*Asks:* 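What follows is a single structure, and I will ask about it in a moment.
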Number of protein chains: 2
Amino acid sequence: MARVGSERVRRRPTRAGVVLDPEMIIDTALRLIEAPGGNALTVRRLGVELGADPSAIYRYFRDLDALLLAIADRLIGDSLAGFEAGPDWLVSLRELGERVHRSMLKHPRLVQLRSTRFTAGPNELRADDIGIGLLLSAGFAGSDAVRHFRDFIDTALALATMDAAELTPSQQQTEDRALAAAYASLPAEEYPHLAAVRGDLPQVTASAFPGVLDKLIDALSRAAPGAGPRPADGDAERGPAPAIGS
Amino acid sequence: MARVGSERVRRRPTRAGVVLDPEMIIDTALRLIEAPGGNALTVRRLGVELGADPSAIYRYFRDLDALLLAIADRLIGDSLAGFEAGPDWLVSLRELGERVHRSMLKHPRLVQLRSTRFTAGPNELRADDIGIGLLLSAGFAGSDAVRHFRDFIDTALALATMDAAELTPSQQQTEDRALAAAYASLPAEEYPHLAAVRGDLPQVTASAFPGVLDKLIDALSRAAPGAGPRPADGDAERGPAPAIGS
DNA sequence: TCCTTATGTCAACGCATTGACCTAAGCATA
DNA sequence: TATGCTTAGGTCAATGCGTTGACATAAGGA
């Protein structure tokens, strides 16, 4: 007995009588992150909430970042729930990207706290497996599939981080609004082109993700073997032509 | 006298006799960031190096992030030195993106420390002005130029942040190597597609930026008004046709 | 000369992290 | 069942961190 999975464990109850394990630490941490009033997750508070010395957490996670990574991986797993790859690889790939991006944005503070973008957890691996499967089904060679999917998923994660900064409730928020307003009065001598599009500048505070996603999907659809008309490399089309235009 | 630019200032020498100003704080901070032995920049060390109480820095920058942003903006400015927009907007845009990305990667620790991606400083504004000018010259309408350039520059910055994490010398570094190796032995039942491309997985540790840049440039070249042959909106070509394929 | 106030300093807060410690859990053996 | 060993894991104290509020003082205008 005293096993978790197939591993022997030797858990001692804390002073408060709680028996710790990684899952309950993640649960509690998620609860703290959700808590109102910004940045509620700290190692010390987590210790209090768990009924343990804060340093006990370091027996389970190398540091705070490792814990955050574990949480993020769980979120990715949640976002994958119910995902089914459809007949059109472009549509499925887009949905995968949207799900991953959205799952990160559900907890902006988590994303912002985290310094490593790549969780390396089982759920992200699963997302990778699905995505690469989609590209393989589109006819990409293995090495191209890996490369293209890495481009795709890294962009989704990196932009999620950037968007999270925008969503995090802080003084940053109001500053950004002020900034967008200040755009309207840029000195035309120094920034002639910005001044020329002055009226369109407020939209820069919106997320770049949708637009980037469109561009990536567009580029991938054309890069796919046997894709639509492209004069540059005029091979005879080979391989099954995927549905065009999603 | 006692003016900086057109602003009155009232600088008192520190206990050590130094008279502070924002530029010298940035200089000193940059020197600390460069210093060997990781994470040499701390507010307290900066205080020591400046010959001032650490808290004096907060009279010049709202917090550490604001200081980092100011440094990053200077780096962007440096990276823009000598940049000339050439005749081909696609080539120029690509170079602009590469320069900004590269300037951030020159100081990975800075990038990683920073929580806000957008510096909102004069140099980033100049980069924005140049980039939007390029898109306008390509024939994009103002609102499209703003939107597309935001997509472009945000991606460059966001991926720079991700790449910086890879470059930062830390235990992360070695872990990533180990990870790439571990890829080779993924359980094929759980991750069939990953297993199928197992030999190509080590390349995931490389930066996604070049590939993403290619895709964005490709998508933009096709989105440009009067762009090359695309059956969808088969207008007669108008405006100068940009060189394809760079 | 006085007044205002920008700016330097100090002490304190809660933070993540770590090394030393200690103690009980689980094993082996009899 | 009892005994003893090893060590995972809980605890404690201390470090350096960013940040802040209270305070002090000199710069510069009137």
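Chain identifiers are assigned alphabetically (A, B, ...) following the order of the sequence lines, protein sequences preceding nucleic acid strands; residue numbering begins at 1 within each chain. This structure is a prediction, so every number in the text was calculated from the model and none was measured.
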*Asks:* Can a side-chain donor-acceptor contact be found between His193(A) and Asp128(B) if the only test is distance below 3.5 angstrom?
*Replies:* no
*Asks:* Would you check if there is a donor-acceptor pair between the side chains of Thr28(A) and Glu49(A) at a distance under 3.5 Å?
*Replies:* no
*Asks:* Nearest-Å distance, CG (Asp65(A)) to P (dT18(C))?
*Replies:* 12 Å
*Asks:* Pairs under 3.5 angstrom only: tabulate donor-acceptor contacts from the side chains of residues 50-61 of chain B to other protein residues two or more places apart or in another chain.
*Replies:*
unit_1, atom_1, unit_2, atom_2, d
Asp53(B), OD1, Ser55(B), N, 2.9
Asp53(B), OD1, Ser55(B), OG, 2.6
Tyr60(B), OH, Arg11(B), NE, 3.1

*Asks:* With a 4.5 Å heavy-atom cut-off, do Arg114(B) and Leu69(B) have their side chains touching?
*Replies:* yes
*Asks:* Whole angstroms only, please: what is the CG-P distance between Asp21(A) and dG10(D)?
*Replies:* 10 Å
*Asks:* dG10(D) C1' sits how many Å from Tyr58(A) OH, rounded?
*Replies:* 15 Å
*Asks:* Arg62(B) CZ to dG18(D) C1': how many Å, rounded?
*Replies:* 13 Å
*Asks:* Along nucleotides 8-13 of chain C, 5' to 3', which nucleotides get a B, which get an S, and which get a -, given that the test is a protein heavy-atom distance under 4.0 Å?
*Replies:* BBB---
*Asks:* Rounded to whole angstrom units, what separation is found between the CZ atom of Phe61(B) and the C1' atom of dG18(D)?
*Replies:* 16 Å
*Asks:* Just by distance, with hydrogens left out, do Thr119(A) and Asp73(A) show a side-chain donor and acceptor under 3.5 Å apart?
*Replies:* yes
*Asks:* When rounded to the nearest 0.5 angstrom, what is the spacing between OG in Ser103(B) and CG in Leu75(B)?
*Replies:* 6.0 Å
*Asks:* Would you mind reading off the distance between Arg114(B) atom CZ and dG18(D) atom P, rounded to a whole angstrom?
*Replies:* 17 Å
*Asks:* Send over the distance from Leu46(A) CG to dG10(D) P, rounded to a whole Å.
*Replies:* 13 Å
*Asks:* Find the distance Leu64(B):CG to dC17(D):P and express it as a whole number of Å.
*Replies:* 12 Å
